Number of protein chains: 2
Amino acid sequence: MATVKESSTNQLNKRLVTTKCPVTFIANKMGNRWKPLVIRELFSGTKRYGELKRAIPPISEKMLIQTLKELEVDGIINRKAMPVVPPHVEYSLTDSGQDLEAVITEMVKWSLKYNIQ
Amino acid sequence: MATVKESSTNQLNKRLVTTKCPVTFIANKMGNRWKPLVIRELFSGTKRYGELKRAIPPISEKMLIQTLKELEVDGIINRKAMPVVPPHVEYSLTDSGQDLEAVITEMVKWSLKYNIQ
DNA sequence: TCAAGTACCTACTAAAAAGTGTGTATCATG
DNA sequence: CATGATACACACTTTTTAGTAGGTACTTGA
């Protein structure tokens, strides 16, 4: 789903830093272009794939599922697929996903204080 | 220092997301491979370029100055150059840099709770 | 029977981030 | 007179991330 060269210095440093630095550890879980937006949507409750898509218009379908898959693998969200047709899939936050709210709250505070635009 | 194509969808989305999402806003300031490590070093006080380099062995000189420059541009750190030779440059956190400690504290809490390794 | 809606998958390309390697000026020291 | 230490600068390559553009299966409704 994204080929990674395990032996590169980039990967070595990434692993090194991730295991030594809690900030990087969490950043790898929630810190890319779309993850925070998806997480925020799920703070207000369980959502379907299509609902997330409509809630975040500029995201492409590829980036949306990619983001959802990574969040699922990292245990931040749950995926519940109903065996019906047309498909019906629901996403929700896990406990660790919910616990991100405290972190995000602090980030929002800082951003409001220093975001001048 | 890193050529960016302003017209790309990537950049459009980056700007869009950065202005709409406080998490992304702050992530752009402190969320890459080396920034958190540099910031952490500076939590314990002013440091010289060479001290930072020795404190974070795997970082390359290019990545270190690049990181320092970005942090300076973003107002997270101060750079104080003494007009002596050999050069003597000191880096320290600004107020907004200091204020990152609350954010980082929450991140550390989450990481300690969910970092299983 | 043809289009629309569901939740994806896959190959590909463009762009950005990270890393490598070399070079700079000035002085002190051996 | 060469070497080391200081704090960088710059061109370049590698690796990763983001985005584009197609396609899938099944069913309902017109």
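To find a chain, count down the sequence lines: A is the first, B the second, and so on, and within it residues start at 1. Please read all numbers here as calculations on a predicted model, not as lab measurements. Note that these values count all heavy atoms, side chains included, but never hydrogens, waters or copies made by symmetry.
In summary, contact between chain A and DNA chain D, defined as any nucleotide atom under 4.0 Å from a heavy atom of the protein, begins and ends at D:dT15 to D:dT27 in the 5' to 3' direction.
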For nucleotides 2-6 of chain C, print each protein N/O atom paired with a nucleotide N/O atom at under 3.5 Å, atom names and distance only.
residue	atom	partner	partner atom	Å
C:dT6	O3'	A:R48	NH2	2.9
C:dT6	O3'	A:P87	O	3.0

Report each atom pair, protein N/O against N/O of nucleotides 9-11 of chain C, whose distance is under 3.5 angstrom.
residue	atom	partner	partner atom	Å
C:dC9	OP1	A:K69	NZ	2.9
C:dC9	OP2	A:K69	NZ	3.4

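When every heavy atom of B:K29 is checked against every heavy atom of B:L71, the shortest pair comes out as O-CD2, 3.7 Å.
Looking at residues two or more places apart in sequence or on another chain, you find a side chain to side chain donor-acceptor pair (under 3.5 Å) between B:K109 and B:E106. Partners of A:N10 according to the side-chain contact (heavy atoms from CB on, under 4.5 Å) rule, which considers only residues two or more places apart in sequence or in another chain, are A:S8, B:R33. Listed by chain and residue number, B:K47, B:R48, B:R54 satisfy the side-chain contact (heavy atoms from CB on, under 4.5 Å) test with B:E51 (two or more places apart in sequence, or in another chain). A:K14 pairs by the side chain to side chain donor-acceptor pair (under 3.5 Å) definition with nothing, not counting sequence neighbours. Residues passing the side-chain contact (heavy atoms from CB on, under 4.5 Å) test with B:S96 are A:W110, A:Y114, B:I76, B:T94, sequence neighbours excluded. Taking B:R79 as the reference, B:E72, B:A81, B:V89, B:Y91 meet the side-chain contact (heavy atoms from CB on, under 4.5 Å) condition, with sequence neighbours excluded.
By the 4.5 Å side-chain criterion applied to Ile, Leu, Val, Met, Phe, Trp and Tyr, A:M82 is assigned to a cluster that also includes A:V84. As a member of the Ile/Leu/Val/Met/Phe/Trp/Tyr network built from side-chain separations under 4.5 Å, B:V4 groups with nothing else and remains a singleton.
The CD1 atom of A:I59 sits 9.5 Å away from the CD atom of A:Q66 when rounded to the nearest 0.5 Å. To the nearest 0.5 angstrom, A:L16 atom CG is 8.5 Å from A:L12 atom CG. Here the straight-line distance linking atom SG of B:C21 with atom CH2 of A:W34 works out to 10.0 Å at 0.5 Å rounding. With values rounded to the nearest 0.5 angstrom, A:K20 atom NZ is found 14.0 Å from A:R15 atom CZ.
Within residues 4-17 of chain A, the residues having any heavy atom closer than 4.0 Å to DNA chain C are, in order of number, A:T9, A:N10, A:N13.
OP1 and OP2 of C:dA7 both lie 4.0 Å or more from every side-chain N or O belonging to A:R79.
Between B:M63 atom CE and C:dT20 atom C1' the separation is 12 Å, expressed in whole Å. Taking atom CH2 of B:W34 as the reference point, atom C1' of C:dG19 lies 10 Å away to the nearest angstrom.
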